[in-house]
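Every chain is numbered from 1, with letters handed out A, B, ... down the list of sequences.
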Amino acid sequence: MAETTGPSWSDIPVDLAGRILRHLPAYVDRLRFAAVCPQWRAAARLGPLPPPLPLLLLSDSTVYSLPGSKPLHLLVPCCCTGYTDVCGNWLFFSGDDGCFLRNPFSNTTMALPALSLDRIRYVGDKSVDEFYLECEEDGRLEYEPDRCKLLFCSLDLVVAIVSLWSGRRLAVCKPGAATSWWYVSADGQYSDFVGMTFHQGKLYALTSMDELFAIEVSLDHSTGDPWVTQMRPVINNPPLFIPAEFFMETKVTYLVEARGALLMVLRKMQPCYAQGVTGIAIFETTAGVQNEFEVFQANFRKSQWTKVTTLGDDQILFLRQQCCESVCVSHDEVPGDCIFFLENEDEDRLWSKASSSSCSVYSMRDGKISTPLPTVSWKRGTVFATWLFPEN
Amino acid sequence: MEVDKGKGEAEETRKVAEADRDTVTLKSSDGKLFEVSKEAAARLSTVLAGMIAGGSIDDNGTDLKQIGSEALENVVDYCNKHANSIPSAALISSSISFNTAPFKEPEEWERKFVDRLSHDALFDLVEAANFLGMERLLDVTCHKISEMMKGKSPDQIREVFNIKNDYTKEELEEIRQELAWAFYDD
């Protein structure tokens with residue numbers, strides 16, 4: 001009865017601390033937990049823990065640690081402000097003094113050659129691309145690469161999809177120096193690539209026609225320069241969905257590996273019409289875009305996409321062009337079997353004049369779309385949003 | 001306090017024929033006796049299930065020297081409430097897969113059960129549940145503790161749990177770096 005001091009929470013057994021951590025899916029809560037006292041810090045480092053939920057990062061350095069919707073301010077905002085693209089956890093910056101990637105978790109940077117015609121070399125037998133190459137030499141038709149999508153592979157390899165006059169092509173480079181080259185594959189048939197990802201250690205790329213290619217990349221022994229040695233069609237059936245342009249329909253496809261399977265997420269978008277508004281003004285005034293999702297799994301044996309109706313109760317997909325990831329959840333905070341995506345992320349849509357963007361979630365269970373962070377939105381076009389996937 | 005049996009009552013209980021008994025008597029570190037449904041104890045606690053199966057249950061009160069009377073009372077209370085609140089069919093399946101099944105939200109009564117506890121009582125209960133291998137009770141208590149932390153700064157968490165900040169200067173600097181992600185925008 002003579003209890004003057006209660007039990008000490010700092011001495012809570014390590015396995016119990018780990019259990020408590022499992023109930024904290026937000027990355028920021030886990031960091032704070034580890035900052036409370038040395039004992040908790042040690043417990044937080046022991047693991048193994050299910051991965052935390054990703055962070056939603058805006059290019060003005062605002063961060064949201066899901067499932068929370070409180071804006072967090074970065075202590076070192078300069079490490080994130082102004083990125084223009086992202087590959088995995090690497091933010092892409094391009095400026096006058098070249099391009100580089102920065103990992104905001106480790107604050108390490110890596111130089112890249114500029115994505116300009118000056119630093120692009122075509123490789124291959126040129127059979128199909130002679131025409132384009134001639135154009136390039138003339139300097140008439142091939143223009144500076146437009147928007148690109150990057151995939152960080154290793155310290156020896158960064159793969160990009162670069163939008164050239166001759167189509168969206170794969171380019172590979174060895175990171176680390178601004179003086180290295182982007183090697184663009186000019187081989188084979190014309191392919192318009194829209195996404196890529198790793199699946200069981202191999203690189204796969206998806207085309208706008210829903211074709212899947214297995215990509216082999218080799219490194220030059222002496223220089224370490226990479227080049228694409230093979231693009232082998234794995235699935236080349238007719239496209240699963242062709243948008244009806246008359247109805248302003250569009251589609252975006254995402255390639256993502258989840259639970260050992262290679263998935264293609266098909267997102268169909270259609271503008272919502274406001275009643276009583278006619279003509280092109282509809283698109284100016286209507287912010288609403290109707291999203292529909294379908295998920296397909298690559299069936300390598302049959303060389304086809306097989307529709308799947310569930311991702312699994314503990315799986316969440318986080319979509320952003322070139323930054324898709326599946327996260328396994330084992331907590332009650334966020335229901336699984338759903339797809340997080342960003343509204344109005346694609347600037348190419350002529351009709352999508354919505355001025356703000358936000359984060360939404362599509363449930364595979366009932367097909368409903370909800371807003372997990374109702375108070376969070378950002379200016380479309382000027383602010384670039386992405387997911388970051390912190391490790392434990 | 002209806003579960004807290006006096007010594008005399010426990011003696012009486014002992015007289016009930018072994019096979020017919022559907023309760024077990026547990027003894028806290030401070031010598032208090034508690035009776036709990038055998039079925040519920042075996043279902044909710046891997047340690048008690050092992051003791052019951054292995055015949056190491058003492059009719060005079062199985063000694064649980066690591067658990068104080070207040071915590072043991074809560075454990076017993078939880079077991080009895082659990083036994084009454086959920087159809088057993090659902091529980092059988094949940095007990096088989098308790099290690100892999102994702103955590104299910106505490107039910108209303110479980111929430112109330114942990115909400116009424118003081119911080120100290122919660123601490124003792126979570127340790128008792130850990131000692132007895134009570135997965136569900138551990139989940140419910142750890143969930144409650146995590147709720148007390150969410151969205152709070154390390155300072156606020158220390159205040160809630162009465163923890164002293166005994167980091168060294170170097171450690172604090174390292175943490176400050178890590179928490180570059182964790183400062184609120186005010």
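Between Asp29(A) and Lys152(B), the closest heavy-atom pair is OD1-N, 4.4 Å.
Proximity of Cys37(A) to Arg158(B): side-chain heavy atoms (C-beta onward) are nowhere separated by under 4.5 Å. Side chains of Trp9(A) and Asn162(B) form no contact here, defined as non-hydrogen atoms less than 4.5 Å apart. Side chains of Val36(A) and Met149(B) form no contact here, defined as non-hydrogen atoms less than 4.5 Å apart.
In this structure, the separation between OG on Ser10(A) and CZ on Phe161(B) is 11.5 Å, given to the nearest 0.5 Å. Residue Ile20(A) holds its CD1 atom at 8.0 Å from OG of Ser146(B), rounded to the nearest 0.5 Å. Atom NE2 of His23(A) sits about 13.5 Å away from atom NZ of Lys144(B), to the nearest 0.5 Å. Distance check: Leu24(A) CG to Glu147(B) CD gives 9.0 Å after rounding to the nearest 0.5 Å. Between Ile145(B) atom CD1 and Leu16(A) atom CG the span is 7.5 Å, to the nearest 0.5 Å.
Comment: Arg19(A) engages Asp139(B) in a salt bridge, judged by a side-chain N to carboxylate O separation of less than 4.0 angstrom.
The backbone N or O of Pro154(B) lies less than 3.5 Å from no partner atom in the side chain of Arg32(A), so there is not a single donor-acceptor pair.
When the candidates Leu138(B), Asp166(B), Val126(B) are compared by the number of heavy-atom contacts under 4.5 Å with chain A, Leu138(B) comes out ahead.
Counted within 6.0 Å of CD on Glu159(B), heavy atoms from surrounding residues, nucleotides or ligands total 12 or fewer; the atom is thus considered open.
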